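Hydrogens, waters and symmetry mates play no part in the numbers below; they use all other heavy atoms, side chains included. Here the structure is a predicted model, which means the values were calculated and not measured. Each chain gets a letter, A, B and so on, in the order the sequences are listed, and its residues count up from 1.
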Protein chains: 2
Amino acid sequence: MRADILDAARKLFGTKGYTVTSTADLAEALGVTKGALYYHFKSKEAILSALVAEPAAEIAELAAHAGERTPRELLGALIDLQAHHPAAYMALQSGDASVLQEHSQRHDFAGRTELIILAIAGPDPSPIQLIRARMAVVAVKEGAMAALVEGGGKLTDQMRLDLLQAAAATLDAGGRASD
Amino acid sequence: MRADILDAARKLFGTKGYTVTSTADLAEALGVTKGALYYHFKSKEAILSALVAEPAAEIAELAAHAGERTPRELLGALIDLQAHHPAAYMALQSGDASVLQEHSQRHDFAGRTELIILAIAGPDPSPIQLIRARMAVVAVKEGAMAALVEGGGKLTDQMRLDLLQAAAATLDAGGRASD
DNA sequence: GTCTATAGCGGGATAGAC
DNA sequence: GTCTATCCCGCTATAGAC
């Protein structure tokens with residue numbers, strides 16, 4: 001039942017957004033009443049928190065060892081993250097900024113991502129290199145999401161390679177990026 | 001005063017998100033009371049609508065003539081759009097999905113953007129070409145935003161070129177994109 | 001043109017029956 | 001474990017004084 005609630009939340013938070021989804025919506029989607037939800041979760045926010053916990057842990061992992069990996073490996077890891085937790089990511093992306101802020105602070109999403117971006121940009125990056133790294137990161141996210149939609153939830157190896165190629169091209173566009 | 005309200009709304013909607021920003025927040029930021037706002041605007045949503053109107057018109061313009069322009073020109077136009085209306089764009093991006101849906105339907109943001117993406121992808125695009133176009137579009141958006149932050153609101157010609165270069169690289173990464 | 005006061009409503013959360 | 005009923009708060013919007 002906990003799992004059912006999380007499934008429904010994944011879907012609703014991902015499509016409508018967290019704030020706009022009411023506990024009543026959730027209950028209705030499950031065919032139960034609001035009260036029933038509160039037996040399994042302490043609050044509405046606890047549901048979101050549970051949803052976000054796993055991907056958050058993986059991002060922390062990735063950020064911790066970001067320095068040891070190549071930009072390409074990092075971009076690939078981001079693709080895989082997105083592929084494994086598409087809905088949770090959707091929820092984070094389409095959720096309001098306020099939710100992003102709360103959970104970014106709790107799980108330090110922004111900080112982790114920044115570390116990864118820095119690692120992708122390379123040592124002592126110029127402003128343009130940093131920006132290119134940011135562009136590459138959002139590009140893989142967007143690309144992975146689009147590819148998942150396209151492939152009905154599946155991401156082929158070929159597609160993964162193509163995404164990687166496209167995003168990596170951003171990094172050393174116009175020549176000298178000292179990666 | 002209308003302008004002051006829009007300024008405050010630009011800032012608050014852009015940072016906190018539309019739904020989460022209350023009319024009380026808005027009034028407090030302006031040093032007036034909620035009631036005062038309703039003299040100038042019919043509703044909270046009317047404020048957002050006014051904010052979004054200009055960029056929406058420009059996007060419609062761009063989408064209407066998308067076929068006549070090269071991918072590079074389109075990406076450049078998107079950069080300029082973002083540079084001219086950074087806050088409105090922020091509001092749209094960080095706003096909840098529900099707001100995006102409502103105003104996307106009203107101004108057909110999604111549809112316009114899709115047209116532009118199609119034009120960037122070129123005629124009869126493969127799935128990967130389409131995805132690359134999507135990646136390039138989010139990349140210029142992210143890049144333009146980052147560059148604006150970096151430059152304190154100013155976007156130099158050099159920076160604009162760099163962004164364009166980086167995003168364009170995504171399009172024909174790994175060789176054959178028939179643009 | 002800006003204020004106070006308040007109506008009206010939706011949503012999160014709790015209590016207690018079953 | 002799920003239900004009904006209810007409390008309470010915050011928010012949008014309105015009415016009317018100044």
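Side-chain N/O atoms of A/Thr33 include one lying less than 4.0 angstrom from OP1 or OP2 on D/dC3. Look at A/Tyr39 and you'll find a side-chain N or O under 4.0 angstrom from OP1 or OP2 of D/dG1. Remark: B/Thr23 is not in phosphate contact with D/dC11, judged by side-chain N or O atoms under 4.0 Å from OP1 or OP2. Note on B/Tyr38: every side-chain N or O is 4.0 Å or more away from OP1 and OP2 of D/dT14.
Taking atom CG of residue B/Asp25 and atom C1' of nucleotide D/dC11, one finds them 10 Å apart after rounding to whole Å. Spacing between atom NZ of B/Lys44 and atom P of D/dC11 amounts to 9 Å, rounded to whole angstrom units. The separation between B/Lys34 atom NZ and C/dC3 atom P is 13 Å, rounded to whole Å. The nearest whole Å value for the distance from the CG atom in A/Leu26 to the P atom in C/dG12 is 9 Å. The distance between atom CG of B/Leu30 and atom P of C/dG1, rounded to the nearest whole Å, is 16 Å. Between A/Glu28 atom CD and C/dG10 atom P there is a gap of 15 Å when expressed in whole angstrom units. Atom CZ in B/Phe41 sits about 16 Å away from atom C1' in D/dA13, given to the nearest Å. Between the CD1 atom of A/Ile5 and the C1' atom of D/dT2 there is a distance of 11 Å, given to the nearest Å.
If you check C/dG12, C/dT2, D/dT12 against the side chain of B/Ala36, the one that comes closest is C/dT2. Of the candidates C/dA13, D/dT2, D/dT12, the closest approach to any side-chain atom of A/His40 belongs to D/dT2.
The closest side-chain heavy-atom distance from A/Arg10 to A/Leu51 is below 4.5 Å.
Checked by atom type, the side-chain pair B/His84/B/Glu58 shows no donor-acceptor distance below 3.5 Å.
Using a cutoff of 4.0 Å between basic side-chain nitrogens and carboxylate oxygens, A/Asp172 and A/Arg132 are not scored as salt-bridged.
Using modelled atom types, no side-chain atom of A/Lys34 and backbone atom of A/Ser22 make a donor-acceptor pair closer than 3.5 Å.
The structure places CG of B/Leu26 at 10.5 Å from CD of B/Glu28, a figure rounded to the nearest 0.5 Å.
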